[in-house]
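Numbers here are sequence positions counted from 1. In each ligand, atom 1 is the first atom listed, and ligand 1 is the first ligand listed.
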Amino acid sequence: MYSLPQHKHTPNLHLKVCKNNSPFHPFRVYCSATSTPKSNVKPLVIEPRLVPVVPRVITTIDEHRPMNNDTGLQSTWSHRAWVTIGCTTLLISLGESIKGAMDSNMWVEPIIASWVGYILADLGSGVYHWAIDNYGDGSTPVVGAQIEAFQGHHKWPWTITRREFANNLHALARAVTFAVLPIAIFCHDPVVQGFVGVCSGCIMFSQQFHAWAHGTKSRLPPLVVALQEAGVLVSRSQHGAHHRPPYNNNYCIVSGVWNEFLDKHKVFEAMEMVLYFKTGVRPRSWTEPAPEWIEEIQTSSQIQTQ
Ligand SMILES: [Zn+2]
Ligand SMILES: [Zn+2]
């Protein structure tokens with residue numbers, strides 16, 4: 001026990017911030033404020049506080065963490081059915097485009113439309129990815145499950161390489177089926193069908209391109225590696241930057257052709273500012289890295305099972 005000197009003529013408040021690793025709270029502080037000199041004023045007394053601090057236990061067990069044999073990574077017959085229907089929809093659309101081009105002997109316009117569809121699919125994947133990375137949560141209507149899935153992907157990115165094909169694609173296949181099947185059936189314009197078929201196809205398969213971006217060069221098919229290195233598919237290095245701080249860039253996952261432009265011109269940051277001033281909602285990227293964004297270190301047993 002010891003004491004600190006008191007000022008005698010003016011009100012005073014002594015404040016001391018203590019930080020150490022002692023198992024005890026370091027002090028209990030008694031403060032007295034005085035405005036007049038008093039000879040019998042009790043001095044400021046600091047006593048050791050003998051109440052042990054219970055260390056904060058941070059649990060490392062996450063109930064949502066995918067395990068090596070997690071059935072949530074496997075395809076179900078429902079997943080396979082949706083992917084089959086989605087692929088059929090794409091084939092109808094592309095078939096209509098080719099048939100229309102042959103009937104009208106007009107090839108240049110459908111090819112250009114298809115190329116535009118491929119380019120815009122990359123932009124669309126980036127905008128959608130940015131939106132669900134930064135806004136909403138598991139309770140958000142329609143896309144809540146996707147938001148949760150992407151948050152889980154940031155934490156355990158390696159699991160996408162173990163997720164089975166139909167499991168990975170079924171949600172987008174279902175969306176493509178509902179959006180594109182009416183167009184595929186009722187529209188007979190080869191230009192429209194070329195654009196819609198290629199754009200929706202790239203969006204539907206973007207999750208597969210994304211999974212390949214998490215693969216290792218030695219384990220990927222040589223054709224995939226060649227397409228990644230040619231910039232036709234999003235590259236491993238480009239997408240790898242998305243999973244590193246500051247976690248607010250490289251959102252596009254089809255070809256990645258838009259990533260440099262969008263990041264260099266801070267397009268998403270500008271959109272975040274507009275949304276903030278209009279709605280007051282802050283994107284997650286302004287306050288991260290939060291635990292759900294930070295990648296957990298892969299254990300050796302997980303590496304061996306890949
Ligand atoms: Zn992301
Ligand atoms: Zn990823």
Worksheet item: For the residue pair Trp130 and Phe150, is the inter-centroid distance of their aromatic rings smaller than 6.0 Å?
Response: no
Discussion item. Can you confirm whether or not the ring centre of His153 sits under 6.0 Å from the ring centre of His129?
Written reply: no
Discussion item. Which label fits Phe205 and Phe165: parallel for a plane angle under 30°, tilted from 30 to 60°, or perpendicular past 60°?
Written reply: tilted
Worksheet item: Per the side chain to side chain donor-acceptor pair (under 3.5 Å) rule, which among Asp133, Asn249, Asn250 passes with His242?
Response: Asp133
Worksheet item: Do Gln193 and Ser93 have side-chain N/O donor and acceptor atoms under 3.5 Å apart?
Response: yes
Discussion item. I need the NE2(His129)-the Zn ion (ligand 1)-OD2(Asp133) angle, rounded to 10 degrees.
Written reply: 90°
Item to complete: Pull up every protein N/O/S atom sitting under 2.8 Å from the Zn ion (ligand 2), skipping waters.
Response: His153 NE2, His210 NE2, His214 NE2, His239 NE2, His243 NE2
Worksheet item: Taking atom CD of Gln146 and atom CD of Gln151, what is their separation to the nearest 0.5 Å?
Response: 12.0 Å
